[in-house]
Every structure is written in structure tokens, then in C-alpha cells.
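Computed over heavy atoms, backbone and side chain alike; hydrogens, waters and symmetry mates excluded.
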Amino acid sequence: MKFIIFNGSPAGANSHTNVIAEAFLRGAKRGGADTENIFLIDKKIGHCKGCFTCWFKTPGKCILQDDMEALLPKYKVADVVCFATPIYTWNMTAVLKNFVDRLIPLKSPLIVQQNENFDLVDTVQKTQQFVVISNSGFPGNNNFETMKAVFSPCHPVLEIYRNCGKLLKSKDIHIKPIVDEYLAAVELAGFEMATQRAITKETKLKLDMPLMTINDYLKYLGM
């Protein structure tokens, strides 16, 4: 089984988001999965031109020649595709959004309707499972509402939303044990996904555990 994370943090491997991503992949690897963490900030990915050449002239192939040529095959063969991103203002980062826009060669110019929802037909039927990892430096969960709506069309089987994310790299002796407990739950989620294609209710509850009260967190930030 192949797990791949497309990591949209501008801070790359040094990001707070990547702390969660690496824990998830550790669990998946422990469960026997082949894992890969791709930092999109390090890739050359041009902006979609909206020319639709990949639909009508060269089906499945973009007119742009950049790192997406190597990334699209990785995306297609993965069993579990994970989108990882911090939230700075309302939504995924521009780095990840640009990558998602460039997935358009995998669609075809045929509209399909499901209830009141309209979408484009995939050129090859999806067999992957999708996971979303998102981290926010703000307290509360309201910051993730836009993210949930944006990724709902891919029907993610697991969404990991972490508020108070500035704590993830804290060395404070009072905070670190709580963060370690949380990251152990993230690792367990990766393991369960690799071994049973889903996580348990108990693990889901642990993923939603608070790291700190809002008042204490605001004091921690000095805000």
C-alpha cells in the first residue's frame, strides 16, 4: 500500500503541519505501507492556464512542462492521498491550491450529476482514499469550516484538524507530554489506515483532544 502526502506548507519540512504529517506517516509505515512526503514548496509548479489543452488536444497531458509531470503519476498510483496544509487565511495555502488546480488533466470535459452536485468525470475511476491534515495557529475549530467545504468533493475518509497548532513544536516540559499524547494518536491513525483502511472511534476522539484551554493558549501566544 502506498501513502503519499502532498504537503502545502511554505515552511516545508520545518513546519508545524509537518509535525502532524510525519507522525501520520510513521504510523502508516509501521503498518506496512510505503510512504512519501512531498514538499510542494520545493517543486516547480506553474499556474494552470485554463487552456484545456489537457482535455481536447493532448488528453491527460498538460501543456506546461514542469514538476507536475512527475507528480501526477505519483498521485495516480497512491492508495492513500493526503493533502496537508496550514491555514493562514480561511483556506489551504496557495502552494497546495496551485497543485490541486494542476490536477485538471485527470478530469474529462463531461459533467456528471449526483443529487444537486455537479462535477467533471474522472478519466480513470478513483480508487484512492483521501485524507486531509490541516493545522491552525488559532484556537477553536471555526477556522477549518472553509477547508471542510473545499475538500468535501473528494470525500475524505479521514480529516485531521489541529487548532492551537503553535504548541506542536513546544519544548515546554508541561506542554510536550500533551503534544506527545496527541501525536501518538496521529501515528495510531496512520497505522489503522494502513492495516484496516479506517480509524476507530476511539482514535478519532483522541485526534480531537484539546492541547490547552483557549485562555491559556492566548496567554502562551502573548495575544
Carboxylate-amine/guanidinium proximity below 4.0 Å for E69 and K61 = yes
message = Between the side chains of K43 and D66, is the shortest nitrogen-to-carboxylate-oxygen separation below 4.0 Å, so that they form an ion pair?
response = no
query = Given L40, which of N7, L96, D67 fulfils the side-chain contact (heavy atoms from CB on, under 4.5 Å) condition?
reply = L96
inquiry  = With clusters defined by side-chain heavy atoms of hydrophobic residues (ILVMFWY) lying less than 4.5 Å apart, directly or transitively, does I133 cluster with V95?
reply    = no
request  = Please test W55 against K107 for side-chain contact (heavy atoms from CB on, under 4.5 Å), starting from the C-alpha separation and ending with a verdict.
outcome  = CA-CA 8 Å; W55 286 358; K107 293 287 187 178; 4.2 Å; yes
key: Spacing of CG belonging to N135 relative to OH belonging to Y88, to within rounding of 0.5 Å   = 8.5 Å
Heavy-atom check, side chain of L167 versus side chain of M212, under 4.5 Å = yes
Approximate separation, where rounding is to 0.5 Å, of F144 CZ and E159 CD = 11.0 Å
Side-chain (R102) to main-chain (I45) donor-acceptor, under 3.5 angstrom = no
query = More than 12 non-hydrogen atoms from neighbouring residues, nucleotides or ligands closer than 6.0 Å to NZ on K219, yes or no?
reply = no
task = Would you check, one step at a time, whether the test side-chain contact (heavy atoms from CB on, under 4.5 Å) holds for D101 with H47?
result = CA-CA 8 Å; D101 284 347; H47 297 284; over 6 Å; no
query = Between K176 and D172, is the closest basic N to carboxylate O distance under 4.0 Å?
reply = no
inquiry  = Heavy-atom count check: over 12 atoms from other residues, nucleotides or ligands less than 6.0 Å from F138 CZ?
reply    = no
message = With a 4.5 Å cut-off on side-chain heavy atoms, are Y161 and V132 touching?
response = yes
ask   = To the nearest 0.5 Å, what is the distance between CD (E202) and CG (L207)?
value = 11.5 Å
ask   = Linking I/L/V/M/F/W/Y whenever any side-chain heavy atoms sit under 4.5 Å apart, do I4 and M1 land together?
value = no
message = Taking CD in Q65 as the centre, count heavy atoms belonging to other residues, nucleotides or ligands within less than 6.0 Å. Is the count above 12?
response = no
query = Heavy atoms, side chains only, cut-off 4.5 Å: are L211 and R162 in contact?
reply = yes
Joint hydrophobic cluster, L103 plus I41, side-chain heavy atoms closer than 4.5 Å = yes
inquiry  = Quick check: do M147 and I87 have side-chain heavy atoms less than 4.5 Å from each other?
reply    = yes
ask   = Quick one: do K2 and D79 make a salt bridge, cutoff under 4.0 Å?
value = no
task = Kindly assign one of parallel, tilted or perpendicular to the pair F56 and F52, based on the angle between their ring planes and the thresholds 30° and 60°.
result = perpendicular
ask   = Quick check: are there more than 12 heavy atoms from other residues, nucleotides or ligands sitting under 6.0 Å from CD1 of I104?
value = yes
message = Can you confirm whether D122 sits close enough to L106 that some side-chain heavy atom of one is under 4.5 Å from a side-chain heavy atom of the other?
response = no
inquiry  = Less than 4.0 angstrom from a charged side-chain N to a carboxylate O is my criterion; do E187 and R30 meet it?
reply    = yes
key: Check: F83 ring centroid to F151 ring centroid under 6.0 Å   = yes
request  = Mind checking the OG1-CG spacing from T93 to N98? Nearest 0.5 Å is all I need.
outcome  = 9.5 Å
request  = In sequence, state the C-alpha distance, the side-chain angles, and the governing distance for V81 and F3, and then conclude on side-chain contact (heavy atoms from CB on, under 4.5 Å).
outcome  = CA-CA 6 Å; V81 171; F3 278 56; over 6 Å; no
key: CA sep, side-chain torsions, deciding dist, call: F24, I160, side-chain contact (heavy atoms from CB on, under 4.5 Å)   = CA-CA 10 Å; F24 183 73; I160 301 175; 4.2 Å; yes
Same apolar cluster (I L V M F W Y, side chains within < 4.5 Å links), I199/L188 = no
key: Close side-chain approach of N163 and N143, heavy atoms under 4.5 Å   = no
request  = Let me see the working for N18 and N37 under side-chain hydrogen bond (donor to acceptor under 3.5 Å, both in side chains), right down to the final yes or no.
outcome  = CA-CA 9 Å; N18 194 47; N37 192 358; 2.8 Å; yes
Sub-4.5 Å side-chain heavy-atom contact between C62 and M68 = no
task = Can you measure from CD1 (I20) to SG (C82) and round to the nearest 0.5 angstrom?
result = 10.0 Å
Any side-chain heavy-atom pair of F39 and I5 under 4.5 Å = no
query = What pair of heavy atoms forms the shortest contact from G137 to L221, and how long is it?
reply = O-CD1, 4.0 Å
note = side-chain contact (heavy atoms from CB on, under 4.5 Å) test vs C54 passes for just one of P105, P59, C48, P109, namely P105
remark   = When rounded to the nearest 0.5 Å, the distance separating NZ of K206 from OH of Y182 is 13.5 Å
task = For residues C51 and I63, report the shortest heavy-atom separation together with the two atoms involved.
result = SG-CG2, 3.9 Å
